[in-house]
Asker: 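Take this structure, written in C-alpha cells, and hold onto it; I'll ask about it next.
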Amino acid sequence: MAKPLINGKRHAWAQIKINLLGRTVTGVTSIEYGDNVAKENHRGAGAYPTHRGNGDYTADNPKLKLAKYEVEAIQDALVGKRIQDVEAFDIIVSYMPIGQDTARTDIIRNCEFMNNKRSSAAGDTNIEMDFDLICSHVLWHGMKE
C-alpha cells in the first residue's frame, strides 16, 4: 500500500533508539556511522592490476549528538563513574527513504563512549553535545550476524 503524498513528497522520517542504563534515550539529534573493508590492487603482467586482495573489516567510529538533558540523565544514573564507563550498547537507526514504502533499519553494535566534553556559547537556545563512540560492526538493513 502506497503512502500518501504530503506537499508533493512521500513522508520521510528517521528514528534512533538507544537504551542506556535502563532508560530510552530520546534526545539524540544526529548520528554518523559507516564501515570499511581494506582493499588493494595487486600487480602482475601488463599495465593493469591482475587481481585484488581484501583485508580486514573496520567500522568507522560513530559520532553521536545528544541534547544536554540526556547527557545529564546518563551522568546522574552513573553515580561516581564516567560516561566512558557505560557498558557496550547497540544503536538502532530506522528511516524511511523518500519514494519508498517500507522502513529500513541499521544496527550499530557494541558501542561505547570514548569522550566526554562540553561546549556552549552565548545565545544558545538548545545545548547539544558531541560524542565519539567506538563500535564493533554495523549491520546494514537486512544483514544478519
Asker: At what distance, to the nearest 0.5 angstrom, does CG of Asp130 lie from CD of Glu32?
Answerer: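 With rounding to 0.5 Å, CG (Asp130) is 10.0 Å from CD (Glu32).
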
Asker: Nearest 0.5 Å please: distance from the CD atom of Glu40 over to the CG atom of Asn54.
Answerer: 10.5 Å

Asker: Using residues 41-53 as the side-chain source, report each donor-acceptor pair under 3.5 Å to any protein atom, sequence neighbours left out, with the distance given to one decimal.
Answerer:
residue: Asn41; atom: OD1; partner: Arg52; partner atom: NE; Å: 2.9
residue: Asn41; atom: OD1; partner: Arg52; partner atom: NH2; Å: 2.9
residue: Arg43; atom: NH1; partner: Ala47; partner atom: O; Å: 3.1

Asker: What are the two closest non-hydrogen atoms of Cys111 and Ile91, and how far apart are they?
Answerer: SG-CD1, 3.9 Å

Asker: What pairs with Arg109 under side-chain hydrogen bond (donor to acceptor under 3.5 Å, both in side chains), at least two apart in sequence or on another chain?
Answerer: Asp90, Glu145

Asker: Would you compute the distance between atom NZ of Lys117 and atom CZ of Phe131 and round it to the nearest 0.5 angstrom?
Answerer: 9.0 Å

Asker: What residues form a side-chain hydrogen bond (donor to acceptor under 3.5 Å, both in side chains) with Ser30, not counting sequence neighbours?
Answerer: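 Partners of Ser30 by the side-chain hydrogen bond (donor to acceptor under 3.5 Å, both in side chains) criterion come out as none, since no residue qualifies.
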
Asker: Is there any salt bridge (Lys or Arg N to Asp or Glu O under 4.0 Å) pair reaching into residues 67-85, and which pairs are they, with sequence neighbours excluded?
Answerer: Arg23-Glu70, Lys68-Glu72

Asker: Heavy atoms only: give me the nearest Val86-Ile74 pair and the separation to one decimal.
Answerer: CG2-CG2, 4.4 Å

Asker: Check whether the side chains of Gln15 and Ser94 place a donor and an acceptor atom closer than 3.5 Å, and report yes or no.
Answerer: no

Asker: Among residues at least two apart in sequence or on other chains, which ones pass side chain to side chain contact (heavy atoms under 4.5 Å, CB included) with Ala88?
Answerer: Asn110, Glu112

Asker: Please enumerate all residues that pass salt bridge (charged side-chain N to carboxylate O under 4.0 Å, His left out) together with Asp132, with sequence neighbours excluded.
Answerer: Lys63

Asker: Which heavy atom of Ile108 sits nearest a heavy atom of Pro62, and at what distance?
Answerer: CG2-CG, 3.9 Å

Asker: Give the minimum heavy-atom separation between Val71 and Met129, together with the two atoms involved.
Answerer: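 Closest heavy-atom pair between Val71 and Met129: CG2-SD, 3.7 Å.
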
Asker: Could you pull out all residues at least two apart from Asp35 that satisfy side-chain hydrogen bond (donor to acceptor under 3.5 Å, both in side chains)?
Answerer: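 For Asp35, the residues satisfying side-chain hydrogen bond (donor to acceptor under 3.5 Å, both in side chains) (neighbours in sequence not counted) are Tyr57, Trp140.
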
Asker: Provide the closest heavy-atom pair for Thr105 versus Ile92 in the form atom of the first, atom of the second, distance.
Answerer: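 Residues Thr105 and Ile92, closest heavy atoms: CG2-CG2, 3.6 Å.
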
Asker: Could you tell me which residues satisfy side-chain hydrogen bond (donor to acceptor under 3.5 Å, both in side chains) with Arg118, sequence neighbours excluded, listed by chain and number?
Answerer: Gln75, Asn116

Asker: Who clusters with Met114? Use side-chain heavy atoms, under 4.5 angstrom, across I, L, V, M, F, W and Y, and order the result by chain and number.
Answerer: Ile134

Asker: Answer yes if the side chains of Tyr33 and Asp106 hold a donor-acceptor pair under 3.5 Å, and no otherwise.
Answerer: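 There is such a pair between these side chains.
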
Asker: Is there a side-chain contact between Leu64 and Val28 (heavy atoms, below 4.5 Å)?
Answerer: yes

Asker: Can you tell me how far the CD1 atom of Ile16 sits from the CG atom of Leu66, to the nearest 0.5 Å?
Answerer: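 Nearest 0.5 Å value for the CD1-CG distance: 9.5 Å.
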
Asker: Listing request: all ring pair (Phe, Tyr, Trp, His ring centres under 6.0 Å) pairs with a residue in residues 65-93, at least two apart in sequence or in separate chains.
Answerer: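 Those involving residues 65-93 are Phe89-Phe113.
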
Asker: Which atoms form the tightest heavy-atom contact between Ser136 and Ala59, and what is the distance?
Answerer: O-CB, 4.0 Å

